[in-house]
Amino acid sequence: MKIGILTYHAPCNFGANLQAYTSLKIFSSYGHDAWVINYERADDIDPSYCDATQQSAHADFIKKHLNLTRPVHNGTELSELLKEDNFDIVVVGADAVWNKRITEDLLLFTGDWLDEELAKSVKLVALSPAFMGKTYADLNEDLKKRVAKNLHKFSYIAVRDSWTRSCLNNDILKSEYIKDINPDPVVNIDRFLSDRILRKTNGIK
């Protein structure tokens with residue numbers, strides 16, 4: 001199957017880069033044609049977040065290790081990509097992609113772009129997305145309803161932690177709709193490290 005991973009893959013943050021890398025490796029290891037969807041965000045290249053030298057290091061890692069699609073910037077472009085490149089599944093997560101800080105991101109990462117027609121060919125699943133805020137209760141009611149409607153589009157949801165589950169269930173879904181928890185994929189990264197790195201880590205020359 002052709003799988004697109006929709007996550008924060010490009011921030012100036014090593015954890016974000018590594019969770020995208022590990023997710024890609026996990027799906028590829030099972031024989032799937034896995035890609036990281038190249039969702040370009042202004043925040044990812046914000047010079048106030050880290051200096052140019054570190055930005056360059058992150059960009060080099062992404063170029064070398066992540067199998068990227070062409071860039072997309074919104075839900076319309078994402079839908080076009082999925083149709084034109086014949087993706088079967090979009091996996092949302094990991095990382096704090098269900099943060100409420102940026103409404104456009106919250107809607108994109110909860111599948112606002114998945115209409116009935118596209119849903120006939122593309123399945124949407126969530127593996128280890130997280131919410132790192134205090135509550136969703138202060139979102140306006142229309143946005144809560146829209147996010148709740150989006151979450152019901154997912155064929156499967158397993159969030160990263162019990163806090164995310166409780167906030168979504170209590171504040172958005174008003175039910176125990178989300179049940180499963182799946183840890184951050186980085187816990188599996190040792191499966192994909194090279195022998196040279198493992199030997200060095202273990203003190204073997």
Side-chain angles (χ1 to χ4, degrees), residues 1-10 16 19-20 23-24 26-27 32-41 43-44 68-133 136 139-161 164-182 184-185:
M1 288 187 292
K2 191 167 186 177
I3 297 176
I5 300 164
L6 182 60
T7 187
Y8 288 148
H9 68 283
Q19 61 86 17
S23 297
L24 184 68
I26 288 171
F27 288 115
H32 298 298
D33 183 14
W35 296 74
V36 173
I37 294 171
N38 191 13
Y39 174 43
E40 292 189 337
R41 307 165 60 248
D43 280 8
D44 292 340
L68 295 179
T69 68
R70 71 172 185 264
V72 298
H73 303 89
N74 52 53
T76 299
E77 292 181 4
L78 174 57
S79 295
E80 291 171 355
L81 169 73
L82 298 174
K83 293 173 185 176
E84 292 171 9
D85 289 5
N86 297 312
F87 278 88
D88 300 298
I89 297 175
V90 173
V91 177
V92 173
D95 215 338
V97 294
W98 285 349
N99 198 310
K100 66 181 182 183
R101 184 173 63 89
I102 304 173
T103 300
E104 292 78 9
D105 277 1
L106 179 61
L107 290 172
L108 184 90
F109 285 108
T110 56
D112 204 59
W113 43 269
L114 185 67
D115 58 27
E116 290 184 8
E117 186 62 29
L118 185 58
K120 294 176 182 177
S121 58
V122 177
K123 297 297 183 185
L124 183 61
V125 302
L127 286 178
S128 311
F131 171 54
M132 294 178 64
Y136 289 107
L139 292 178
N140 69 66
E141 291 302 315
D142 287 342
L143 183 55
K144 286 183 189 177
K145 290 177 182 177
R146 191 167 171 182
V147 171
K149 182 179 179 180
N150 287 345
L151 293 176
H152 282 91
K153 299 176 182 179
F154 283 76
S155 298
Y156 178 72
I157 298 176
V159 295
R160 192 176 69 180
D161 50 75
T164 298
R165 180 178 63 186
S166 64
C167 288
L168 286 166
N169 284 340
N170 295 336
D171 300 334
I172 301 292
L173 296 160
K174 309 298 184 183
S175 70
E176 296 302 311
Y177 184 76
I178 297 174
K179 302 183 185 303
D180 294 344
I181 292 174
N182 192 70
D184 194 295

task = Report the C-alpha distance between F27 and I89 in whole Å, list the side-chain angles of each, state the deciding distance to 0.1 Å, and finish with yes or no for side-chain contact (heavy atoms from CB on, under 4.5 Å).
result = CA-CA 11 Å; F27 288 115; I89 297 175; over 6 Å; no
ask   = Do S155 side-chain atoms and V125 backbone N/O form a donor-acceptor pair below 3.5 Å?
value = no
Residues, nucleotides or ligands: over 12 heavy atoms within 6.0 Å of K145 NZ = no
task = Walk me through it: do L168 and I157 pass the test side-chain contact (heavy atoms from CB on, under 4.5 Å)?
result = CA-CA 11 Å; L168 286 166; I157 298 176; 5.9 Å; no
key: Steps toward side-chain contact (heavy atoms from CB on, under 4.5 Å) verdict (M132, R160)   = CA-CA 11 Å; M132 294 178 64; R160 192 176 69 180; 4.2 Å; yes
ask   = Is it the case that more than 12 heavy atoms not belonging to K2 sit under 6.0 Å from its NZ atom?
value = yes
Closest non-hydrogen atom pair, P129 against V97 = CB-CG2, 3.6 Å
task = Evaluate the side-chain contact (heavy atoms from CB on, under 4.5 Å) criterion for residues L114 and V90: first the C-alpha distance (whole Å), next the side-chain angles of each, then the deciding distance (0.1 Å), finally the verdict.
result = CA-CA 10 Å; L114 185 67; V90 173; over 6 Å; no
key: Residue pairs, two or more places apart or on separate chains, that pass salt bridge (Lys or Arg N to Asp or Glu O under 4.0 Å) and touch residues 84-98   = R70-E84, R70-D85
Pairwise distance CD1(I102) to CG(D43) - rounded to 0.5 angstrom = 4.5 Å
key: Closest approach of N150 to T110 (non-hydrogen atoms, all atoms of both residues)   = CB-O, 2.9 Å
key: Distance in Å, N99 CG paired with Y136 OH, rounded so as to fall on 0.5 Å steps   = 7.5 Å
query = Could you state the interatomic distance from CG (L81) to CG (N86), rounded to the nearest 0.5 Å?
reply = 10.5 Å
note = In short, L108 meets L6 closest at the heavy-atom pair O-CD2, 4.1 Å
query = If you count the non-hydrogen atoms of other residues, nucleotides and ligands that lie under 6.0 Å from CZ in R41, is the total more than 12?
reply = yes
ask   = Salt bridge or not for E141 and K144, using N-O below 4.0 Å?
value = yes
query = Which atom names give the shortest non-hydrogen contact between E176 and K179, and what distance separates them?
reply = O-NZ, 3.1 Å
Salt bridge flag under 4.0 Å for residues D171 and K100 = no
message = Keeping N182 on the side-chain end and S128 on the backbone end, is there a donor-acceptor pair under 3.5 Å?
response = no
query = Out of D105, T7, N74, which residue meets the side chain to side chain donor-acceptor pair (under 3.5 Å) rule with Y39?
reply = D105
remark   = To the nearest 0.5 Å, atom NZ of K153 lies from atom CG of D115 at 7.5 Å
ask   = Looking at W98 and F154, what are the two nearest heavy atoms and their distance?
value = CZ2-CZ, 3.9 Å
request  = Measure the spacing between CG of N169 and OG1 of T164 and express it to the nearest 0.5 Å.
outcome  = 10.5 Å
Reported OH-to-CG distance for the pair Y156 and L124, which is rounded to 0.5 angstrom = 13.5 Å
message = Quick one: does any side-chain atom of Q19 pair with a main-chain N or O of Y8 as donor and acceptor, under 3.5 Å?
response = yes
